[in-house]
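Quick caveat: nothing in here was measured; it's all calculated off a predicted structure.
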Amino acid sequence: AVLCRVAECFQHAVRDGDTVARLGGDEFAILLEDVRTVDEADAAAARLYSALMLPVTVTLPQPGAAPSGDADRDGTNEGRGAGSEREIFVKASVGIALATPGEDAEALLRNADVAMYAAKARGKGQAMHFERSMHEQALTRLRLEEDLRVSVADLMNGGESPFAVVFQPIVALDTHRVVSAEALVRWNHPRRGLISPEEFIPVAEDTGLIVPLGLWVLTQACAAAASWPLSADDSEIGVSVNLSGRQLQEASIVDDVRGVLALTGLAPERLTLEITESVVMRDTSETLDQLRALKTLGLRLAVDDFGTGYSSLSYLRQFPVDVLKIDKRGSDGIARGGDGAALARTILAVADTLQLRTVAEGIEDGAQHSSLRGLGC
């Protein structure tokens, strides 16, 4: 129903000679005849955006009925139950490609598609024109995705692993003793060597490869931690492992974590799962159910990069988290003062109010150490 209403909006926003087509899923293509300049294409894109400014009104299905389509929603007004009307606000990412002499329709459509994905990567509601460099970037990403699929498949089939898990120590600011360690995955690409996680993790997320890869990382991290000796004060050292939003959506995640703990023999209280703030705030009720189920295993939960998103104190109270992590930008700003320091102080105050522990990432000098320790981190 949403897709049909959006199609109607688009049809009303174009000229008589233009063509609106649905390619599949939630992707549409609009062929504009006799457009000669970039400004004309931009004006057409602006008309399409304007057509989506008003909410799309649809009727919720009756109980037991399945919707026939899916769409990304920017926000909704609560409906009044099955069979009632709901207003849905829809945003679009737009890619624009101008035909060049001798270029066929397939190439034109491909270029527009590449530009659309570049616009999506910049955030919702963006429009971008196709540039030749985008095609090269798309090919590079496609090759990276293909190589990642092969590497993960080799990993799952018991072959030689191109991945490695490394550990970053988490140190108590007062005693300087290692109390835990964060597990980080590295990919040794067969041709390019070590690739930054910032480059391949988003690809793993988009393709779903993060699910088997994340489970492997969790297993490796727990097995390593189970073999670590006691610390200098005879306490056991814990381990923190990142849990992606894609993994948290898996119905089997709780059983998977339980199975890893049983397999490796790691005590649950030594494991901390880190979830980013944006993931915590997504699909609140479903996320809350999953986190509560994970907590029943006896492990701890941490909110990573806290303060970079939009969590509110009222929302945070609902979630069974134990730790708030200040990202490196907050740690960098603490000694310089200004907004960065104010944000760090606010996070520490929130943590104190909720009786949560705080961990600051990337402390690299004495000023940061002294400031954060003085604030109770």
Side-chain angles (χ1 to χ4, degrees), residues 2-54 56 69-74 89-150 189-192 195-196 198-209:
V2 173
L3 292 172
C4 290
R5 292 289 295 115
V6 168
E8 291 171 6
C9 291
F10 285 164
Q11 285 178 312
H12 290 307
V14 299
R15 303 166 302 178
D16 290 341
D18 299 330
T19 302
V20 178
R22 175 170 169 258
L23 299 180
D26 59 356
E27 290 191 357
F28 291 83
I30 294 93
L31 178 64
L32 306 175
E33 300 283 358
D34 299 320
V35 172
R36 304 184 186 280
T37 67
V38 170
D39 289 342
E40 289 180 70
D42 286 339
R47 290 196 302 272
L48 295 171
Y49 276 131
S50 297
L52 294 178
M53 289 297 289
L54 296 177
V56 175
D70 194 11
D72 291 334
R73 302 167 193 149
D74 183 52
F89 294 84
V90 180
K91 283 187 177 180
S93 298
V94 180
I96 302 171
L98 297 179
T100 57
E103 188 173 54
D104 61 25
E106 184 178 351
L108 179 63
L109 188 60
R110 180 200 66 203
N111 293 344
D113 195 51
V114 168
M116 186 268 291
Y117 276 102
K120 284 186 69 172
R122 293 184 61 179
K124 292 182 179 180
Q126 300 283 329
M128 292 191 69
H129 288 266
F130 173 77
E131 298 174 359
R132 293 297 166 189
S133 60
M134 289 181 183
H135 183 54
E136 290 303 315
Q137 292 169 1
L139 285 177
T140 299
R141 181 185 170 90
L142 182 61
R143 293 190 193 104
L144 188 69
E145 179 183 327
E146 292 172 348
D147 292 342
L148 188 61
R149 288 187 185 279
V150 171
H189 191 278
R191 295 185 304 277
R192 295 173 53 187
I195 297 180
S196 168
E198 294 181 354
E199 184 176 356
F200 75 83
I201 291 296
V203 178
E205 287 268 9
D206 291 344
T207 58
L209 293 170

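Between the side chain of Tyr49 and the main chain of Ala44, no donor-acceptor pair closer than 3.5 Å is present. Side-chain atoms of Asp26 never come within 3.5 Å of backbone atoms of Leu3 as a donor-acceptor pair (strictly under, hydrogens ignored). Of the possible polar contacts, none joining the Arg192 side chain to the Ile195 backbone as a donor-acceptor pair under 3.5 Å is found. Side-chain N or O atoms of Asp206 include none that pairs as donor or acceptor with a backbone N or O of Val203 at under 3.5 Å. Side-chain N or O atoms of Arg47 include one that pairs as donor or acceptor with a backbone N or O of Ala13 at under 3.5 Å.
Using a 4.0 Å cut-off between charged nitrogen and carboxylate oxygen, Arg110 and Glu103 do not count as a salt-bridge pair. Ion pairing of Arg191 with Asp147 is present here, as a side-chain N (NZ or NE/NH1/NH2) and a carboxylate O approach within less than 4.0 Å. With respect to the salt-bridge test (charged N to carboxylate O, under 4.0 angstrom), the residues Arg149 and Glu145 qualify. One finds a salt bridge joining Glu8 and Arg5 here, because a Lys/Arg side-chain nitrogen approaches an Asp/Glu carboxylate oxygen to under 4.0 Å.
With sequence neighbours excluded, the residues satisfying side chain to side chain contact (heavy atoms under 4.5 Å, CB included) with Glu27 are Leu23, Asp113, Met116, Tyr117. Scored by the ring-ring contact (aromatic ring centres under 6.0 Å, His included) test, Phe130 finds no partners at all (sequence neighbours excluded). The side chain to side chain contact (heavy atoms under 4.5 Å, CB included) test applied to Glu106 returns Asp104, not counting sequence neighbours.
Rounded to the nearest 0.5 angstrom, Leu108 CG and Leu31 CG are separated by 7.5 Å. Rounding to the nearest 0.5 Å gives a distance of 10.0 Å between OG1 of Thr19 and CD of Gln11.
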Exercise. Lys91 and Leu52: side chain to side chain contact (heavy atoms under 4.5 Å, CB included), yes or no, with the steps?
Worked result: CA-CA 7 Å; Lys91 283 187 177 180; Leu52 294 178; over 6 Å; no
Exercise. When you look at Val35 and Leu98, which way does the side chain to side chain contact (heavy atoms under 4.5 Å, CB included) test go after all the steps?
Worked result: CA-CA 8 Å; Val35 172; Leu98 297 179; 4.2 Å; yes
For this session: Please lay out, stage by stage, how Glu199 and Leu144 fare under the test side chain to side chain contact (heavy atoms under 4.5 Å, CB included).
Result: CA-CA 9 Å; Glu199 184 176 356; Leu144 188 69; 3.8 Å; yes
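When all heavy atoms are compared, the tightest approach of Ala115 to Met128 is CB-O, 3.6 Å.
Looking at heavy atoms from C-beta onward, Ile96 lies in side-chain contact with Asp42 at the 4.5 angstrom threshold. By the 4.5 Å heavy-atom criterion applied to side chains, Asp18 and Glu33 are counted as neighbours.
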